[in-house]
Amino acid sequence: MSFKVAVVGATGNVGREMLNILDERGFPASEVVALASRRSQGTEVSFGDRTLKVKALDTYDFSDTDICVMSAGGNVSKEWSPKIGKQGCVVIDNSSAFRYDQDVPLIVPEVNPDAVELFSRKNIIANPNCSTAQLVVALKPLHDVATIKRVVVATYQSVSGAGKEGMDELFTQTRAVFVADQVDVKKFTKRIAFNVIPHIDVFLDDGFTKEEWKMVAETKKMLDPKIKLTATCVRVPVFIGHSEAVNIEFEKPITADEAREILREAPGCQVLDKRENGGYITPLESAGEDATFISRIREDSTVDNGLSMWVVSDNLRKGAALNAVQIAELLVERGLIHPKKKAA
Ligand SMILES: NC(=O)c1ccc[n+]([C@@H]2O[C@H](COP(=O)([O-])OP(=O)(O)OC[C@H]3O[C@@H](n4cnc5c(N)ncnc54)[C@H](OP(=O)(O)O)[C@@H]3O)[C@@H](O)[C@H]2O)c1
């Protein structure tokens, strides 16, 4: 059984990674179609050892396409995902457009795979925000054992989370600093080269940012509505890989050694935790990897049943493209999707 797959946003950071991952994992695809805006029509993108010619989304006919992985931003998704879903093609969307819709499952396969069954209500499945995806992969196995009450998280998010323009801005500004040229600020609100910016997405009335709110809402939707979570999201001058300093308060006692053992066995997690120089993961090493890495696991004696840890993952992979492909694999494994009859 094989499926016709469309990748929308195929020229972008997430879309290109999506094509790599579909190829690497040998997803059962009879055909993969690369779609982007009209600007990119006719350009080429790599898919394994092949190149695909990019087609324009707005002239593409989805009637014989089975799965559409969508990474072209919220506005494109709001306009297109419902139309594509109505044509019987399952949309797996990377934007925030449908994440909080009760009729759209929000899925991390290691955390809440059973919720995927709801997809048929709209034929849309949402992929979480990059910072939430890696966080819940690390929290879920600990929550199952010791029940999380409250989480305090500070993120250190790479510029690739802001798309290819974000990566270009870090590169251009860094070069400008080195050659003593003028440093232009376009994509971010302040200079990102040799700096950190405590602001991602728009401000809300309560002083939190939308990125911080997403981490709260998505953790509750996927893991447990009873978990209290507060976040500070920060953009840092790193190209790929989001890091998180996480403090957790549990209902039941749990030691650092127990947490380490639980996480070593947990799906999608890799523990790298030696109390010595370099005995921890940094975002540079996470780039190109599938795992959510956990380091610096230690007990926090300032609260009852407290633990602190450091969680790092490649935001373009587990935070976006890998998770989306895993959702597509879940649909196939559970027999929830069947290839449409293709025109001869
Ligand atoms: N980066 C991350 O870590 C991350 C993580 C989770 C979720 N996401 C989400 O994934 C989405 C894409 O992010 P990204 O980082 O890949 O952004 P990006 O590098 O800026 O790429 C955007 C892609 O969307 C395409 N696009 C823009 N307008 C379009 C239109 N009107 N019709 C069709 N295609 C259009 C672009 O095509 P052109 O090249 O033709 O303009 C490009 O392929 C966003 O919704 C983002 O929030 C990103």
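The first residue of the sequence shown is numbered 1, and numbering continues consecutively from there. Everything quoted here is computed from the prediction, not taken from an experiment. Ligands are counted one by one from 1 in listed order, and the atoms in each one are counted from 1 as well. Excluded from the calculations below are hydrogen atoms, water molecules and symmetry mates; all remaining heavy atoms, backbone and side chain alike, are included.
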Ligand 1 atoms nearer than 4.0 angstrom to some heavy atom of Gly161 are 1 (N), 2 (C), 3 (O)
Note: Ser160, heavy atoms under 4.0 Å from ligand 1, region reported as backbone
message = Taking distance alone, with N or O pairs closer than 3.5 Å, would you say Gly9 contacts ligand 1?
response = yes
In this structure, atom 8 (N) of ligand 1 is nearest to the protein heavy atom Asn94 O, 3.9 Å
min-distance protein heavy atom vs atom 24 (O) of ligand 1 -> Ala72 CA, 3.3 Å
### Message
Looking only at distances, can you tell me whether any N or O atom of Gly12, backbone or side chain, sits closer than 3.5 Å to an N or O atom of ligand 1?
### Response
yes
the protein heavy atom lying closest to atom 41 (O) of ligand 1 turns out to be Arg39 NH2, 2.8 Å
Closest heavy-atom approach to atom 32 (N) of ligand 1 among Cys130, Ser37, Ala10 is made by Ser37
Between the side chains of Thr255 and Glu299, does any donor sit under 3.5 Å from an acceptor?
no
Worksheet entry | Between Ser308 and Asn247, a side-chain donor and acceptor under 3.5 Å | yes
### Query
Measuring from the heavy atoms of Glu165, does anything fall under 4.0 Å of ligand 1?
no
Atom 3 (O) of ligand 1 has as its nearest protein heavy atom Asn315 ND2, 3.0 Å
Per-atom filter on ligand 1: closer than 4.0 angstrom to a heavy atom of Leu316 are 1 (N), 2 (C), 3 (O)
request  = Would you confirm whether Lys341, through its side chain, and Asp64, through its main-chain N or O, come within 3.5 Å as a donor-acceptor pair?
outcome  = no
Salt-bridge test for Glu289 and Lys318: reply yes if a basic N is under 4.0 Å from a carboxylate O, no otherwise.
no
message: Side chains of Thr172 and Asp184: any donor to acceptor distance under 3.5 Å?
response: no
Side chains of Asn129 and Glu211: is there a donor and an acceptor less than 3.5 Å apart?
yes
closest protein heavy atom to atom 30 (C) of ligand 1 is Val76 CG2, 3.6 Å
Within 4.0 Å of some non-hydrogen atom of Gly163, the atoms of ligand 1 are 15 (O), 17 (O), 18 (P), 19 (O), 20 (O)
A student checking ligand 1 against Gly319 at a 4.0 Å heavy-atom cut-off should list atoms 5 (C), 6 (C)
For this session: Decide whether an N or O pair under 3.5 Å exists between Gly73 and ligand 1.
Result: yes
Ligand 1 atoms nearer than 4.0 angstrom to some heavy atom of Ser95 are 45 (O)
Between Lys210 and Leu204, is any pair of side-chain heavy atoms under 4.5 Å apart? yes
heavy-atom search around atom 12 (C) of ligand 1 in the protein gives Ser71 O, 3.3 Å
Here the atoms of ligand 1 under 4.0 Å from any heavy atom belonging to Ser40 are 38 (P), 39 (O), 40 (O)
If we number the atoms of ligand 1 from 1 as shown, the ones under 4.0 Å from a heavy atom of Ala320 are 5 (C), 6 (C)
Item to check | Audit row: Arg334, Asp114, salt bridge (charged side-chain N to carboxylate O under 4.0 Å, His left out) steps and yes/no | outcome: CA-CA 10 Å; Arg334 295 198 171 194; Asp114 295 342; 2.9 Å; yes
among protein heavy atoms, the one nearest atom 37 (O) of ligand 1 is Thr11 OG1, 3.2 Å
among protein heavy atoms, the one nearest atom 14 (P) of ligand 1 is Val14 CG2, 3.9 Å
Regarding Thr302 and Asp300, do their side chains bring together a donor and an acceptor under 3.5 Å, going by distance alone? yes
Review point. How are the rings of Phe27 and Phe3 set to each other: parallel, tilted or perpendicular (split at 30° and 60°)?
Key: tilted
| query | Less than 3.5 Å between some nitrogen or oxygen of Lys164 and one of ligand 1, yes or no? | reply | yes
Practice item. State, with a plain yes or no, whether a side-chain heavy atom of Met1 is found less than 4.5 Å away from one of Pro28. Key: no
Q.
Please report whether the ring centroid of Trp213 lies less than 6.0 Å from that of Tyr100.
A. yes
Quick note on ligand 1: atoms under 4.0 Å from a heavy atom of Leu57 include exactly 32 (N), 33 (C)
To the nearest 0.5 Å, atom CD of Gln270 lies from atom OG of Ser295 at 9.5 Å
request  = Determine whether more than 12 heavy atoms belonging to other residues, nucleotides or ligands lie under 6.0 Å from atom CZ of Arg296.
outcome  = no
